[in-house]
2 protein chains.
Amino acid sequence: MNAEQVLDVAMKAYWQSDPADVSINAICQMAGISKPSLYREFGSEDGLSRATLDRYAEQVLSEMFVVLRSGTGLRATLAALIDFASDDPRMETGCLFYKMRSGKHRLGPETRARVEEIDAVGQAAYAAFLQAARDAGEWPEGLSVEAGAKYLGEQIALAITMRASGEDPADVREMLTLALSVFTKL
Amino acid sequence: MNAEQVLDVAMKAYWQSDPADVSINAICQMAGISKPSLYREFGSEDGLSRATLDRYAEQVLSEMFVVLRSGTGLRATLAALIDFASDDPRMETGCLFYKMRSGKHRLGPETRARVEEIDAVGQAAYAAFLQAARDAGEWPEGLSVEAGAKYLGEQIALAITMRASGEDPADVREMLTLALSVFTKL
DNA sequence: TCATTTTCGTACTATTCGGTATTTTATGCC
DNA sequence: GGCATAAAATACCGAATAGTACGAAAATGA
């Protein structure tokens, strides 16, 4: 059982329930390793959760950024985001990043810093995507790109969180579509 | 120190931080009573949090329902809701009900049931409000009242939660206004 | 004033948490 | 085989959790 396998176990556990509800003990048991082994590898709970978040970012979040950079235009990209948030099977139990972000105050300093870093990267990606749409003339009047990016990010987070809480994906899709219609009703 | 004073202390503590982060010990200390006294009065932590939620509902949430029933028309009522969510000083540290709802799985059975009950009442109130607007002809095509009610409720919850996490009230207002503009852009 | 009952708080479970000291086990080398 | 070394697990620590047993104190009634 190497470090990456442990991270996969931790990621699955954190992702499936909630980082705050999964103890180090539970992860050791699930991974079949002893507690000292885990501490040798990751130093602390904070170290483990940070490493887990890093792995999640490169394995899962990176794909969202690909969608944002696809350059297929405002409507098509928004549609792809809606698909991802409301129907992608990986978001069935929510998004580990959003779970960590919403329980930020319970995280250790390393992990919290990483959450904020990823949040900023995400905001920048949303803003770049919307700026491109604006440059292409697809943009409602009287809305700044920054405000739009924040809005877009929060709406997607809301949709994924709602799915995680057991909401019907069709309802989530309807709500997210309605929320994002503000970008296309010129 | 009677039961209602204890509930006020608990409400403040739960509301200000998060129900999951406030222990029975801490509440006893803040209220200046002993733990057995608290258990005599409320039976269990679940009993205390349920009673606290009840008190919160009748003292704070009830006013939101008043706004919804004001009958001042779609635009004016939405504006009042936006004011409430983004500027009312009582929502500065968020809404206790939404905090409990988002951490539902950590609550005891009594409190959880009460949360679901209040949630249903809220949905019904939103739906009644929107139905009235629809009857008055103020309604976008192709949107069901139920979906609109759910959307409205989630957007307000999101706005208040964002405020609790330290977001600038002006930004929150802008986002909520944008989100609710789907109801008025006919 | 004394006895009874009710109220209340100190002091205690039992468990779980993150984290670690110590001992046991496996490994490599001669 | 015998021995040094590295790795891993057992068993523990102190703190914090929800919840309670039991004795002290205070109010009540005669």
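Heavy-atom contacts of chain B under 4.0 Å fall on DNA chain D between two terminal nucleotides, which in 5' to 3' order are dT17(D) to dA21(D). In the 5' to 3' direction, nucleotides of DNA chain C lying under 4.0 Å from heavy atoms of chain A begin and end at dC17(C) to dA21(C).
Every residue meeting the side-chain hydrogen bond (donor to acceptor under 3.5 Å, both in side chains) condition with Thr111(A), not counting sequence neighbours, appears here in chain and number order: Asp46(A), Ser49(A). In terms of the side-chain hydrogen bond (donor to acceptor under 3.5 Å, both in side chains) criterion, Glu146(A) has no residue partners (sequence neighbours excluded). Taking the ring-ring contact (aromatic ring centres under 6.0 Å, His included) definition, one finds that Tyr56(A) meets it with Trp15(A), sequence neighbours left out. When the side-chain contact (heavy atoms from CB on, under 4.5 Å) test is applied to Glu116(A), the partners found at least two apart in sequence or on another chain are Lys104(A), Arg112(A). Qualifying side-chain contact (heavy atoms from CB on, under 4.5 Å) partners for Ala10(A), counting only residues two or more places apart in sequence or in other chains: Tyr14(A), Ile27(A), Leu48(A), Thr52(A). Remark: Arg40(B) engages no residue in a salt bridge (charged side-chain N to carboxylate O under 4.0 Å, His left out) (not counting sequence neighbours).
For the pair Lys150(A) (side chain) and Asp171(B) (backbone), a donor-acceptor distance under 3.5 Å is absent.
Heavy-atom distances under 4.0 Å link DNA chain D to Lys35(B), Pro36(B), Tyr39(B) of residues 32-40 of chain B, given in residue order.
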Determine all donor-acceptor pairs shorter than 3.5 Å in which one atom belongs to a side chain in residues 29-36 of chain B; sequence neighbours excluded.
{"unit_1": "Ser34(B)", "atom_1": "OG", "unit_2": "Ser37(B)", "atom_2": "N", "d": "3.4"}
{"unit_1": "Ser34(B)", "atom_1": "OG", "unit_2": "Ser37(B)", "atom_2": "OG", "d": "3.0"}
{"unit_1": "Lys35(B)", "atom_1": "NZ", "unit_2": "Asn25(B)", "atom_2": "OD1", "d": "2.9"}

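Residues in residues 121-136 of chain A take part in these side chain to side chain donor-acceptor pair (under 3.5 Å) pairs, two or more places apart or across chains: Gln131(A)-Asp135(A). Pairs engaging residues 47-64 of chain B under the salt bridge (Lys or Arg N to Asp or Glu O under 4.0 Å) rule: Asp8(B)-Arg55(B), Arg50(B)-Asp54(B), Arg50(B)-Glu110(B), Asp54(B)-Arg114(B), Glu63(B)-Arg90(B) [sequence neighbours left out].
Toward the 5′ end of DNA chain C lies the nearest nucleotide of Ala26(A), the other residue of the pair Gly43(A) and Ala26(A) mapping further downstream.
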